[in-house]
Amino acid sequence: MATKTLLQGVNDALLQEMTRDDRVLVFGEDVGLNEGVFRATSELQKRFGKQRAFSTPLTETGIIGVAIGMALYGLKPVPEIQFADFMYPAFDQIVSELAKFRYRSGGEYPCPVVVRMPYGGGIRGGLYHSQSPEAYFCHTPGLKVVIPSTPADAKGLLASAIRGDDPVIFMEPKKIYRSVKGEVPDDEVLIPIGPARIAQTGTDVTLFSFGAMIPVCMEAAEKAHEKLGVSVEVVDLRTLYPLDEATIIESVQKTGRAIVVTESPKTCGYGSEIAALIAERALDSLEAPVVRVAGFDTPFPYTLEKLYVPDALRVFLAIQDVVNYQ
Amino acid sequence: MATKTLLQGVNDALLQEMTRDDRVLVFGEDVGLNEGVFRATSELQKRFGKQRAFSTPLTETGIIGVAIGMALYGLKPVPEIQFADFMYPAFDQIVSELAKFRYRSGGEYPCPVVVRMPYGGGIRGGLYHSQSPEAYFCHTPGLKVVIPSTPADAKGLLASAIRGDDPVIFMEPKKIYRSVKGEVPDDEVLIPIGPARIAQTGTDVTLFSFGAMIPVCMEAAEKAHEKLGVSVEVVDLRTLYPLDEATIIESVQKTGRAIVVTESPKTCGYGSEIAALIAERALDSLEAPVVRVAGFDTPFPYTLEKLYVPDALRVFLAIQDVVNYQ
Amino acid sequence: MVTKTPKMTDPKMTDPKITEKPNPALPSGYSGQQLVDLYKGMALIRAFDERQLKLQRSGRIGFCVVSTGEEAVQVGVAAALEKQDWIFPTYRQHGMILQRGVSVTDMANQLYGNANDRCLGRQMPVHYSFKEINYVSLSSVIGTHLSHAVGAAMAAQYKGDDAVMVTFIGDGGTSSNDFHAALTFAGVQKAPVVFYIVNNHYAISHPVEEQCAAESLHLKGVGYGIPSIKIDGNDLLAVHQATQEALNRARAGEGPTLIECDTYRMGPHSSSDDPTRYRDAAEQEAANKACPIGRFEKQLESWGLWDDTQDKALWTELEQTMVDDTNLSENVGEPTWESLFDDVYAEVPPALARQRDEFMARESQFPRENEGEFPL
Amino acid sequence: MVTKTPKMTDPKMTDPKITEKPNPALPSGYSGQQLVDLYKGMALIRAFDERQLKLQRSGRIGFCVVSTGEEAVQVGVAAALEKQDWIFPTYRQHGMILQRGVSVTDMANQLYGNANDRCLGRQMPVHYSFKEINYVSLSSVIGTHLSHAVGAAMAAQYKGDDAVMVTFIGDGGTSSNDFHAALTFAGVQKAPVVFYIVNNHYAISHPVEEQCAAESLHLKGVGYGIPSIKIDGNDLLAVHQATQEALNRARAGEGPTLIECDTYRMGPHSSSDDPTRYRDAAEQEAANKACPIGRFEKQLESWGLWDDTQDKALWTELEQTMVDDTNLSENVGEPTWESLFDDVYAEVPPALARQRDEFMARESQFPRENEGEFPL
Ligand SMILES: Cc1ncc(C[n+]2csc(CCOP(=O)(O)OP(=O)(O)O)c2C)c(N)n1
Ligand SMILES: Cc1ncc(C[n+]2csc(CCOP(=O)(O)OP(=O)(O)O)c2C)c(N)n1
Ligand SMILES: [Mg+2]
Ligand SMILES: [Mg+2]
């Protein structure tokens, strides 16, 4: 077991799965010789050659379309979209084709493509290198949506995604690619797609979140404990679709207070889904409104990024609100 | 005042605005000589010529991209996407460009494009002629999202959209294009983008919905009154973004029970937003869980469409549930 | 009595220029039987399309798309393929399914969206999927399948398989995003794929001249470094031979080929379309004269392989077969309600199972014969 | 002392083939002053780019993109345009802003994202918008602006204005969806637009040979019926003249032109890029020798319009100007917090105003100097 970054966790999973199964191919813009603009595909072309790890022309719709074709033919493609912001040119392939192939063909044509993409704020990327489009994917039946927040989860969830039979949108929180470190087993790790992870147990209020917002939630939880004496549970959802509803409901039944923390614009964001689920299935447990701490309903700004992305302060103030709610 | 269909309401608005303002141009696949596959653009090419109403090559990204360029230059383009299902090839232009142009240019480049598209079930269109992608748009700051449910609203809202300075996604419920009829003023009608319409007042439970689900809600409300003696308020949201939050909160404060009815898949659908809003801002008024009646988390089916799209029965049963909730 | 091509087109209407020059020698490389079979292949498609349209017009199926006038493209390509080659079609190459031996009834099950439909009634009519003959499931979205063909071709190449992918796109579809992406990728990867532009001169109502300003659509291939040709798509043997060459190139590792087939959409775009709104009778009639079926029949006659009696018998038999075989699909009944929730994922995830179970527990008691009727 | 092109490139490195053939006669159609001004235009861009990179390397701005090696394209095009012509750029044509007279300080305000930035610090560095000079706001998404240029051109055409749109795309960007869409539309509409493919041989790390299998990128124009040429993009006068011709065609109603400018990206893709990972020093050095600035300076000298002393003085002055003018942007401070909520719509809608007001009421009390610091 070694201490690694989240980025290394991703790279580990790719190395592991490509070694295990020669049907696994990795490609995308600059992922070959250049090893990805974030170096997530380090060593792959060196180790597995240009046939299995290669750079592509600048066409996201082509990258996903080609990946689908490979999957139809029995391969296990793991294409990379350089930034989540640049998946929109491929949105049609993702929504119309990838998500619906199995269904529309009566199960004849499964489409197990794992699409990796770094997402979110944190690198001063402005409008087009910072977005968090997870809600679009979660509203698209046929896709699984997975977002790790720790190096071990990155490795284990990505490996499981690659071994699965369904299309997976695997979103990587680039803000914490290198800043979050943790133990990662050297051996095979497989963390199942589905279950949430309780990052910290607590009794007074639950924070639901994922990805780069987990460290923010952890800090806010600590401050809330320190300054308000509040015991905060932090649930790292990990798999956004299909959702681990049981864990969410149980946690709310225990704490009675729920806050959802996401980076993307508030309206119709993923936080809305969690809030709606709670309002539908755990209303009677609620002792306070379900609060969404989220990005604003504006594009993602450059200079004022620090205001846009929820920080520990904003989460802390929300905790304060819900515990003081009468 | 004449009785017209919703489709005629749309066509009326286009005729009215093109007559009023020669900066208004209409184009899209088959909208010229063929007058649109639903005939929404009837008479336009005849009356205004091929320069102002024309058919385009088969490229949705081109249609929206070109519309944006026209708007930048000072025109008022009203492009049509033949089916909402086929806006995905243009999703990048809509999300990355149309929605963000004004913001990113510090207000230098407004982008008042009105994108019309028929959406939703009801024509036995299967996976690709039935989708309701409103949630994607509502999660995209910079866009206004408008959906009429009556002929007069279709005319008045579309005219307002065209006169406005912002991009508007104008979604037309094709299921009721011809089946819903109503009085439409012959003169200019302008219905403001923003306020919801209370389609029917009631005291026991509120149905929130829009578009083709409004007639379904009205029928369910009637049956609930008839069979259960329940007084149902029906709120036709009309403008999905920006949302008329005040009307929603007020209605829930009055009735204490809320049901949201939408066609699209339940998870991360527009119903989740309304439920979340209520859970955040009107929790204490709630006497029952907020129920989402929605499409399932599956692609839209062909033969079993009748099960997929919420019908009056499903809404009725939800009303029964919430009024019986203890 | 039975007419061969009621209402739509008369397959015997033939371009006089062609009938004037009969060629008594068989074209080299073909046996007489082969030539007759090719003709029968086209007739089978025509008969199927006519049946489709009748079923639709009488309200027995909800929608249909016919390929009338484009039979030579389908038969010419299908005849050149090997079994291991895959087809990535649009909605207008369903005739190739028949060429690969699927029964009319199996196809009709899809049109009816009944319980025997391979796709469980999930897709609109004409959106077939037949894995056993490598006819890949299609969406309604124009163009998206082209890069799937390239990806599958790259996969075959990677695995060392001797399979070639063929894929089709309309003149309108050449403007789609994925046309550009697919040809870009195929060129760079030298993928074993053959692209067919089926230029039938219309994208619904939009004429090809306003679709693209290039002199010819096959010129698009140049920009991707892909060898490209334009052929008479109503000339069955031209299609067959061009395909053979392209397949040979692909199998030899020489990469993709783009073949524009010049043809004409003799029927409506679909059962929802009224072509009289946008094209005049004269144009349509002229085009009908170039019908690939009538033309090939005249050739067969000139080669002494076919006569009028045989022809009459063929069409009569085909029409009856179509009636019999499609009727088998009519009273099958709809797929189970539970099936609506299957195949979204490999396994039904818990949240979706919950939606299903709640729905089945409560609403399955209420029959829903007609949409919009309140069953309570 | 000041070096002209510290670290990056030496503008004096010149292709020997060119220096060997001096041409003492002035090129026809140009005055000496014009030629000198064109040279100065290129030098201005180079100096600005060098300053950008220094600011970035010293951590004073967060990111930058330089256009080193591509100055001839920018100056050659800009010099041929009329005021009413619009520019739809990528992130690598910012030199044209300088050509159109915007101050270095105004540009630096954007790089700093400060309160004086026209775009209120909303965009990453190099994503300029200057409406008064018709330099249209760009996103980071490759290719999307191309169809905007076509739409604006159609609008100008519709209004009867004499404006032409020019728009640029990299070799990589020719594979984007919108390249295909824009050229399709422009061809069919005969829109007054000029497309430039700035082929600098790389899309970040991806070489043009693996981007597209065509022999030359300008061949893409053929498939859209758009007249297309390839020129030496490092030859300033070739760019200028090809542009003049294309503009004349456009103004005469003859439609679009596609011009491929063959050039080379002498610097990194952006400040985040390390080109040594994917191209070797030899290749880069060879390309540097073709630098359009060194080459044109040699020409100026051969025409007797310029000498070494003038050149030294020019670069010294430019460097100083850059320091002075960009320094003015450094201590301006950030945009107001409220501004974050403006310009999403023409008016701030109530729901967004609520987000703003709640935020301002509560959290504006807490300074946020550094991201990630807990201010309480
Ligand atoms: C992306 C997309 N846009 C629009 C449509 C609607 N539509 C269906 S068929 C068609 C025309 C296709 O024309 P062409 O490619 O020439 O094929 P043909 O029908 O002539 O065989 C259009 C516009 C669609 N299915 N997909
Ligand atoms: C749609 C999209 N995909 C990917 C990127 C990431 N990206 C930024 S620049 C670039 C390469 C562009 O190359 P080229 O078009 O040749 O322009 P150059 O940078 O060489 O001027 C890539 C892949 C992007 N900005 N947009
Ligand atoms: Mg066609
Ligand atoms: Mg380049």
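Chain identifiers are assigned alphabetically (A, B, ...) following the order of the sequence lines, protein sequences preceding nucleic acid strands; residue numbering begins at 1 within each chain.
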Candidate pair A:E280 and B:K266, rule salt bridge (Lys or Arg N to Asp or Glu O under 4.0 Å), full reasoning: CA-CA 12 Å; A:E280 202 164 48; B:K266 184 173 179 180; 3.1 Å; yes
Interface residue of largest heavy-atom contact number with chain B, from A:V290, A:L286, A:I94, under 4.5 Å: A:V290
Chain A contact via B:A258 - side chain, backbone, both or neither, heavy atoms under 4.5 Å: neither
Pick from B:M87, B:H139, B:E273 with the largest number of heavy-atom pairs that fall under 4.5 Å of chain A: B:H139
Reference residue B:H129; test ring pair (Phe, Tyr, Trp, His ring centres under 6.0 Å); the match among B:F86, B:F300, B:Y302, B:Y119: B:F86
Leading residue by heavy atom contact count with chain A [cutoff under 4.5 Å; candidates B:A282, B:A288, B:P301, B:C138]: B:C138
Structural part of B:Y103 lying under 4.5 Å from a heavy atom of chain A: side chain
side-chain hydrogen bond (donor to acceptor under 3.5 Å, both in side chains) assessment of B:S264 paired with B:S132: CA-CA 5 Å; B:S264 64; B:S132 299; 5.8 Å; no
Side chain / backbone / both / neither for B:Q131 at chain A, heavy atoms under 4.5 Å: side chain
Most contacts with chain B, counted as non-hydrogen pairs under 4.5 angstrom, among A:S96, A:G142, A:C268, A:S272: A:C268
Which of B:A275, B:G269, B:A99, B:P242 touches chain A most, by non-hydrogen pairs under 4.5 Å: B:G269
Between CZ on residue A:R257 and CD1 on residue A:I319, distance to nearest 0.5 Å: 11.5 Å
Heavy-atom pair with the smallest gap, counting every atom of A:A294 and A:R314: O-NH1, 2.6 Å
B:F101 six-ring face occupied by B:R104 cation (under 6.0 Å, within 45°): yes
Most contacts with chain A, counted as non-hydrogen pairs under 4.5 angstrom, among B:I278, B:D85, B:D284: B:D284
Side chains of A:V315 and A:M213 in contact at under 4.5 Å (non-hydrogen atoms): no
Parallel, tilted or perpendicular: ring planes of B:F91 versus A:F91, cut at 30 and 60 degrees: parallel
Portion of B:V95 that has a non-hydrogen atom of chain A nearer than 4.5 angstrom: side chain
Segment of B:T61 engaging chain A (4.5 angstrom heavy-atom cut-off): neither
